[in-house]
Amino acid sequence: AASDVYKRQELLAQKKAQLKKRQKRAEIQQYKDRLTKSIEHFSQKYRYADEAEVLKIETFISKLNFEQPGQLAIQEVCPYPHENVYLCFLMGTEALFQIFIFGKYDDILRDYDEWEVFSPCLLLVDEDFIHYTYINDDGKVMESQVS
């Protein structure tokens, strides 16, 4: 009888985990819908990162030096001609941290007022995964690179 109880508990735990996963996916989708609606011409200018890109971005972010959550410590400023970048939100809900938007650097900066509504601190990661731009909550733009 004890093994039946254990099996039921295990099944319940699995169901809870599945539900949590579904809720997380739904929350991410809601944010994506809101972003797509609130940014003019979103689908002409931007796309969401695919799974392979997400892994690269997450690895890149793990190399960065954070003073505190959302706040990057920039050692050296390295100006760089940015072209295509991934936009990463550094503040907000957990779902926002899992959304990465790919587009042209200039377009993303032009739409800054819209992004800022979602997160006051932004990280733009260049597609070379070396250079990046950090925009802090004062709107100050700092360019740097990972060594």
Side-chain angles (χ1 to χ4, degrees), residues 1-76 82-105 107-109 111-147:
S3 66
D4 284 349
V5 171
Y6 178 72
K7 277 182 189 155
R8 275 203 299 271
Q9 285 174 335
E10 205 173 68
L11 198 64
L12 191 63
Q14 283 174 357
K15 290 219 180 299
K16 274 186 183 164
Q18 287 170 348
L19 182 66
K20 216 172 178 173
K21 238 180 173 169
R22 271 204 301 272
Q23 286 171 329
K24 205 174 199 175
R25 271 203 300 265
E27 196 185 342
I28 290 170
Q29 195 51 54
Q30 283 174 332
Y31 270 112
K32 285 183 173 179
D33 294 344
R34 271 174 57 195
L35 284 160
T36 306
K37 281 190 196 83
S38 66
I39 310 286
E40 212 177 328
H41 308 301
F42 184 96
S43 55
Q44 287 154 30
K45 295 191 282 194
Y46 308 113
R47 68 170 174 79
Y48 292 105
D50 65 29
E51 270 178 59
E53 291 169 314
V54 167
L55 285 175
K56 284 185 188 167
I57 295 164
E58 286 173 345
T59 303
F60 180 88
I61 290 173
S62 73
K63 295 179 197 164
L64 298 179
N65 189 359
F66 286 89
E67 287 166 356
Q68 49 185 310
Q71 309 285 327
L72 271 182
I74 305 281
Q75 265 78 40
E76 51 173 331
H82 306 281
E83 289 190 15
N84 293 323
V85 294
Y86 296 95
L87 167 70
C88 313
F89 299 105
L90 292 182
M91 293 180 131
T93 65
E94 206 182 314
L96 260 185
F97 297 142
Q98 300 185 344
I99 296 174
F100 306 107
I101 293 160
F102 184 77
K104 285 195 174 13
Y105 179 80
D107 286 338
I108 287 176
L109 286 191
D111 288 330
Y112 176 71
D113 292 349
E114 313 290 342
W115 307 121
E116 197 190 17
V117 172
F118 292 92
S119 170
C121 296
L122 301 173
L123 174 68
L124 309 181
V125 178
D126 283 78
E127 57 186 340
D128 65 2
F129 292 100
I130 297 168
H131 299 90
Y132 65 93
T133 305
Y134 169 59
I135 305 172
N136 70 12
D137 46 5
D138 297 327
K140 187 174 175 219
V141 176
M142 285 170 279
E143 300 176 280
S144 191
Q145 64 185 49
V146 290
S147 44

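Since the structure is predicted, the reported quantities are computational estimates derived from the model, not experimental observations. Just so you know, residue 1 is the first one in the sequence shown, and it goes up from there.
Looking at residues two or more places apart in sequence or on another chain, you find no side chain to side chain donor-acceptor pair (under 3.5 Å) involving Lys56. Partners of Thr93 under the side chain to side chain donor-acceptor pair (under 3.5 Å) rule, at least two apart in sequence or in another chain, are Tyr31. When the salt bridge (Lys or Arg N to Asp or Glu O under 4.0 Å) test is applied to Lys32, no partner is found at least two apart in sequence or on another chain. Remark: Glu53 engages Arg47 in a salt bridge (Lys or Arg N to Asp or Glu O under 4.0 Å) (not counting sequence neighbours). Every residue meeting the side chain to side chain donor-acceptor pair (under 3.5 Å) condition with Asn84, not counting sequence neighbours, appears here in chain and number order: Glu127. In this structure, the side-chain contact (heavy atoms from CB on, under 4.5 Å) partners of Glu67, at least two apart in sequence or on a different chain, are Gln71, Ala73. The salt bridge (Lys or Arg N to Asp or Glu O under 4.0 Å) search around Arg25 returns none, not counting sequence neighbours. By the salt bridge (Lys or Arg N to Asp or Glu O under 4.0 Å) test, Asp126 is found to be paired with no residue, residues two or more places apart in sequence or in another chain being considered. Legend: residues meeting side-chain contact (heavy atoms from CB on, under 4.5 Å) with Phe97, ordered by chain and number and at least two apart, are absent. Taking the side chain to side chain donor-acceptor pair (under 3.5 Å) definition, one finds that Glu83 meets it with nothing, sequence neighbours left out.
In this structure, Tyr86 contributes its side chain and Leu123 its backbone to no donor-acceptor pair below 3.5 Å.
Annotation: salt bridge (charged side-chain N to carboxylate O under 4.0 Å, His left out) contacts involving residues 87-97, sequence neighbours excluded, comprise Lys24-Glu94.
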Run the side-chain donor-acceptor check on residues 134-145: report pairs under 3.5 Å with partners two or more places apart or on a different chain.
unit_1 : atom_1 : unit_2 : atom_2 : d
Tyr134 : OH     : Gly70  : O      : 3.2
Tyr134 : OH     : Leu72  : N      : 3.3
Asn136 : OD1    : Asp138 : N      : 2.9
Asn136 : OD1    : Gly139 : N      : 3.3
Asn136 : OD1    : Lys140 : N      : 3.0
Glu143 : OE2    : His82  : NE2    : 2.4
Ser144 : OG     : Glu76  : O      : 2.6
Gln145 : OE1    : His131 : NE2    : 3.2

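A tilted orientation is assigned to the rings of Phe89 and Phe118, their planes being inclined by 30° to 60°.
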